[in-house]
Amino acid sequence: MVNGLSVDVEDWFQVGAFENTIRREDWDSLQLRVGDNVERILDLFDQAGVKATFFTLGWVAERNKPAMRRIVERGHELASHGYDHTRVFTFTPDEFAEDIAKARAILEDAGGAAITGYRAPSFSIDARNPWAHQVLAEHGYAYSSSVAPIVHDHYGWREAPRFAFNPVPDSDLVEIPVTTALFRGKRLAAGGGGFFRVLPYGFSRWAIRQVNSQDKRPAVFYFHPWEVDPDQPRVPGAPMRSRLRHYTNLARMAGKLSDLLGDFAWGRMDALAAREKPLSLDWAA
Ligand SMILES: [Zn+2]
């Protein structure tokens, strides 16, 4: 069972936790760290012998072209995370089309490879904006991994299927939701992010084993470059809850990731999307 491994490539100041503390117009005055962090991750992946998908912001690709090249040269998939982390449900369909076209042009230029995968910032495709999948299908994307089929304080589409589905009639677009595990009938977030970093590794190992052996499906896991960077600048004035979530266990992350990479088989998301047998749209009826 080969699981899907992904990295959401954004810098330390572009995360949802700080969106009310760090202004968009200040981004260009802040220290870029994502390029170096991507290099660390590439080394970690080489040591473990795994390939993965890097869902990257167009904004980041513009400023880190050598890192984009190396992602592709070292056998990984470069994919889109939109231009500047604007959540999809805040766009009109036309604005969304513009955003993904802009990001794709930048990413293809920087990486020198075709972009066929997309992940919405903060899993922002949900019951509010089903048109987003339509737009992705019209633009020729092969797959999206933009849905969190769970309730969370920042995101979630609780009715969505837990595994691959075809969200658009008469289209081959596959949506591959981020992993949840069932515990006493409830869906638990188990695909990475703060849950992986804050909770003991044993929880994630249990959850992924559960998905592989009980559901008999691949898991989809994600993390961010800033999570392997304990020395990143601290953001003063951010809410306590955001700081707790963002800074806990950063120093332990690389070790935890090594355990995770060693305990399971991992691969690129485009390969996983091609292997999956998606549910048809009937789930919504
Ligand atoms: Zn993101």
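Here the structure is a predicted model, which is why all the values come from computation and not from measurement. Counting convention: from 1, in listed order, for ligands and their atoms alike. The chain is numbered in sequence order, starting from 1.
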Peer 1: Using a strict threshold of under 4.0 Å (side-chain N to carboxylate O), is an ion pair present between K51 and E77?
Peer 2: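 Result for this pair is no, no salt bridge flagged.
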Peer 1: Looking at Y222, F223, F221, which one forms a ring pair (Phe, Tyr, Trp, His ring centres under 6.0 Å) with F196?
Peer 2: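 Result: among Y222, F223, F221, F221 is the only option passing the ring pair (Phe, Tyr, Trp, His ring centres under 6.0 Å) with F196.
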Peer 1: Can you check whether V34 reaches W12 side chain to side chain, under 4.5 Å on heavy atoms?
Peer 2: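 Heavy-atom side-chain distance check fails, nothing below 4.5 Å.
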Peer 1: Short question: side chain of N166, backbone of L173 - any donor-acceptor pair under 3.5 Å?
Peer 2: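 Looks like yes, one N/O pair under 3.5 Å.
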Peer 1: Pick from E227, Q232, R234: which one makes a side-chain hydrogen bond (donor to acceptor under 3.5 Å, both in side chains) with H246?
Peer 2: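 So, applying the side-chain hydrogen bond (donor to acceptor under 3.5 Å, both in side chains) to H246 and each of E227, Q232, R234, only Q232 qualifies.
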Peer 1: Strictly below 4.0 Å, N to O, side chains only: are D126 and R87 in salt-bridge contact?
Peer 2: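 Here D126 does not pair with R87 in a salt bridge, since their nearest N and O are not under 4.0 Å apart.
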Peer 1: List-wise, which protein N, O or S atoms are found short of 2.8 Å from the Zn ion (ligand 1)?
Peer 2: E10 OE1, H81 NE2, H85 NE2
